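Source: prediction; values computed, not measured.
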Amino acid sequence: MKVVHSPEHSRHVPRFFLVNGTRQESPEVPARAEALLKAAEDDGHETQVPEQDFGRGPLAAVHTAEYLQFLEHIHARWRRIEGASDEVVPNVHPNGRGAGYPASAVGQAGYHMADTACPINEGTWAAARASANCAVQAAELVLSGGPAAYALCRPPGHHAFADMAGGFCFLNNTAIAAQHLRLGFDRVAVVDVDLHHGNGTQGIFYRRADVLTVSLHADPERFYPVPWGYAAERGEGPGEGANLNLPLPRGTGDDDFLDALAIAMKRVEAFAPDGLVVALGLDAHEGDPFKGLAITTEGFGRIAGVLAGLDLPTVLVQEGGYLNEALGANLQAFLRGFEGLQGDEAEAQEETREEASQRSLGL
Ligand SMILES: [Zn+2]
């Protein structure tokens with residue numbers, strides 16, 4: 001598997017977020033990406049850094065110009081406020097209440113940030129840009145004929161909307177990869193297996209018929225991202241029916257998750273996409289600090305096998321998955337499961353083709 005990563009991720013070091021009003025250390029730390037990269041290297045995967053900066057184009061294809069301008073400049077503007085914190089953290093929330101676009105840094109932070117789990121520090125923009133470049137490079141590898149590529153994105157992306165950060169996410173790498181695949185494919189499916197609902201990805205494609213968004217996640221009624229992720233959210237307008245949410249009870253394990261994944265696969269097959277993006281969260285693991293679902297390491301291999309069975313050109317985009325002793329092993333199990341089965345499927349098909357051609361030759 002080709003693995004695209006960037007050392008620039010380490011420039012983003014969020015300090016804290018609020019959980020039920022209490023200040024906690026952010027688990028979205030650079031050591032996550034380091035553990036994942038080491039695991040990929042240890043398993044012999046071929047690693048590379050993006051060959052180029054793909055510029056604003058792929059970002060602007062899914063995010064608003066206003067939001068990109070905000071992300072790039074807000075830290076410097078914030079720091080000019082007397083007594084402001086090192087990190088941009090919103091404290092007013094005008095979004096969605098009919099107010100116009102605020103002029104001030106404080107107003108814009110409230111407008112563009114969904115919660116306190118996406119603090120912006122000096123290196124955040126550079127890290128988010130590099131993370132998105134990994135997703136674009138992985139999409140390029142697939143567009144040029146590779147069966148699959150893995151983008152080791154950090155910070156993650158699937159909670160970021162077209163104009164709003166949230167839940168450790170700034171630029172929606174999964175959506176950027178899906179949109180980039182549209183350059184070569186008419187229809188693209190996104191399957192999000194992260195513990196949390198892929199609300200930003202859903203929001204970006206909610207009114208689109210050309211990108212199917214599917215998410216399996218812990219029931220959001222009492223779990224992040226809370227307002228989104230319910231089965232009734234099916235898409236709107238031209239996108240009606242092109243969004244599928246499969247909320248799962250807290251503590252769901254491998255077998256029940258795989259049953260839900262089978263429903264997701266039927267929906268993807270009916271959509272008949274030309275390419276696939278997997279939003280690969282590893283936080284559904286039983287040992288993850290979020291403790292939402294109970295997937296085992298072996299379970300990730302089985303999930304990967306099912307996804308590989310779609311036999312589509314696939315970009316794997318790293319989303320959540322926090323430090324625990326199995327984090328690296330979970331990635332290894334997923335990549336082995338994916339490559340093993342994608343390879344087996346290809347070989348099996350090759351054999352079938354050979355048998356068919358031999359039959360047609362009367363051999
Ligand atoms: Zn997550």
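Residues I120 and F170 have side chains in contact (heavy-atom distance under 4.5 Å, counting atoms from C-beta outward). With a 4.5 Å cut-off on side-chain heavy atoms, P273 and F185 do not count as touching. The side-chain heavy atoms of H93 and Y111, taken from C-beta on, include no pair separated by under 4.5 Å. F338 has its side chain within reach of T314: a pair of non-hydrogen atoms, C-beta onward, lies under 4.5 Å apart. The side-chain heavy atoms of R187 and F271, taken from C-beta on, include a pair separated by under 4.5 Å. Between I81 and V106, some side-chain heavy-atom pair lies under the 4.5 Å cut-off. Residues M265 and I263 are not in side-chain contact: their nearest non-hydrogen atoms beyond the backbone lie 4.5 Å or more apart. D42 places a side-chain heavy atom less than 4.5 Å from the side chain of Q332.
Clustering ILVMFWY residues whenever any of their side-chain heavy atoms sit less than 4.5 angstrom apart, transitively, puts L68 in the very cluster that holds V136. Connection of L280 to L258 is established within a shared hydrophobic cluster, with ILVMFWY side chains joined at heavy-atom distances below 4.5 Å, either directly or through further cluster members. A single hydrophobic cluster is not seen to contain both Y206 and I204; linkage of ILVMFWY side chains at heavy-atom distances under 4.5 Å, directly or through other members, places them apart. V190 and L141 are members of different hydrophobic clusters when ILVMFWY side chains are connected at heavy-atom separations under 4.5 Å. The cluster map of Ile, Leu, Val, Met, Phe, Trp and Tyr, joined by side-chain heavy atoms under 4.5 Å apart, puts L316 and L327 in the same cluster.
Sorted by first and then second residue, the salt bridge (charged side-chain N to carboxylate O under 4.0 Å, His left out) pairs with a member in residues 279-306 read D255-R302; sequence neighbours excluded. Applying the side chain to side chain donor-acceptor pair (under 3.5 Å) test to residues at least two apart or on different chains, the pairs with a partner in residues 218-230 are D115-Y224. Pairs passing the salt bridge (charged side-chain N to carboxylate O under 4.0 Å, His left out) check and including a residue from residues 45-63, sequence neighbours excluded, read D53-R129, R56-E72. Evaluation of the salt bridge (charged side-chain N to carboxylate O under 4.0 Å, His left out) test over residues 200-212, restricted to residues two or more places apart or in two chains, returns R182-D210, R207-E236, R208-D210. The side chain to side chain donor-acceptor pair (under 3.5 Å) pairs that include a residue from residues 258-278 number zero, where partners must be two or more places apart or lie in different chains.
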So L310 and V268, side chain to side chain contact (heavy atoms under 4.5 Å, CB included) or not? Walk me through it.
CA-CA 9 Å; L310 289 168; V268 173; 3.9 Å; yes
Could you walk me through whether L71 and L171 pass the side chain to side chain contact (heavy atoms under 4.5 Å, CB included) test, one step at a time?
CA-CA 9 Å; L71 285 180; L171 297 173; 3.7 Å; yes
From CA spacing to verdict: side chain to side chain contact (heavy atoms under 4.5 Å, CB included), K2, H45:
CA-CA 6 Å; K2 286 189 172 155; H45 296 288; over 6 Å; no
In sequence, state the C-alpha distance, the side-chain angles, and the governing distance for H180 and L143, and then conclude on side chain to side chain contact (heavy atoms under 4.5 Å, CB included).
CA-CA 9 Å; H180 205 71; L143 284 172; 3.9 Å; yes
Derivation and outcome, ring-ring contact (aromatic ring centres under 6.0 Å, His included), residues H112 and Y101
CA-CA 10 Å; H112 288 299; Y101 189 62; 5.4 Å; yes
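At a cut-off of 3.5 Å, with distance as the only test, no side-chain donor of N245 or S215 sits close to an acceptor on the other residue. A donor-acceptor contact closer than 3.5 angstrom is absent between the side chains of E66 and Q108. Side-chain contact check for D192 and T213: no donor-acceptor pair (N or O, by modelled atom type) lies under 3.5 Å. Neither side chain, T174 nor H158, offers a donor N or O lying under 3.5 Å from an acceptor on the other. A donor atom on one side chain and an acceptor atom on the other are found under 3.5 Å apart for Y150 and Q318. Using a 3.5 Å distance cut-off with no hydrogens or angles, the side chains of N199 and H197 do not pair a donor with an acceptor.
Legend: residues meeting salt bridge (charged side-chain N to carboxylate O under 4.0 Å, His left out) with R77, ordered by chain and number and at least two apart, are absent.
Exactly one residue among H75, H12, R11 makes a side chain to side chain contact (heavy atoms under 4.5 Å, CB included) with E122. That residue is H75. Considering L216, L212, L244 as possible partners of V191, the one that fulfils the side chain to side chain contact (heavy atoms under 4.5 Å, CB included) test is L216.
A donor-acceptor contact shorter than 3.5 Å links the side chain of S144 to the backbone of E140. Of the possible polar contacts, none joining the E233 side chain to the N243 backbone as a donor-acceptor pair under 3.5 Å is found. Counting only distance, with no hydrogens or angles, the side chain of Q137 and the backbone of V4 share no donor-acceptor pair below 3.5 Å. A donor-acceptor pair under 3.5 Å is formed between the side chain of H63 and the backbone N or O of F161. Looking at N324, its side chain does come within 3.5 Å of a backbone N or O of A326 through a donor-acceptor pair.
Taking each heavy atom of A61 and Q179 in turn, the nearest pair found is CB-CG, 3.6 Å. Smallest separation of non-hydrogen atoms from A177 and V315: CB-CG1, 4.2 Å. Here the shortest heavy-atom pairing between R154 and H9 reads NH1-O, 2.7 Å. Here the shortest heavy-atom pairing between A109 and V88 reads CB-CG1, 3.9 Å. Looking at every heavy atom in both residues, T297 comes nearest to A333 through O-CB, 3.3 Å. The nearest pair of heavy atoms linking P27 to R32 is O-CD, 3.5 Å.
Taken from CE in M164 to SG in C169, the straight-line distance is 11.5 Å, to the nearest 0.5 Å. For the atom pair CE (M1) and CZ (R336), the distance works out to 12.5 Å, reported to the nearest 0.5 Å. From D254, atom CG reaches atom CD1 of I303 across 6.5 Å, with rounding to the nearest 0.5 Å. Rounded to the nearest 0.5 angstrom, E28 CD and C118 SG are separated by 11.5 Å. L293 contributes atom CG, which lies 5.5 Å from atom OG1 of T252 (distance to the nearest 0.5 angstrom). Atom CG of L36 is separated from atom CG of L282 by 6.5 Å, given to the nearest 0.5 angstrom.
Aromatic pair F168/H159: centroids not less than 6.0 angstrom apart. Centroid-to-centroid, the aromatic rings of F223 and H217 stay 6.0 Å apart or farther.
Heavy-atom contacts from other residues, nucleotides or ligands closer than 6.0 Å to CD of Q52 number more than 12.
The pair R234-E240 meets the salt-bridge criterion, with a side-chain N (NZ, NE, NH1 or NH2) lying under 4.0 Å from an Asp/Glu carboxylate O.
Using the six-membered ring where Trp is involved, Y67 and F70 have ring planes that are parallel, under 30° apart on the 30 and 60° scheme.
The cationic group of R23 does not satisfy the cation-pi geometry with F17, failing either the under 6.0 Å distance to the six-membered ring centre or the 45° limit from the ring axis.
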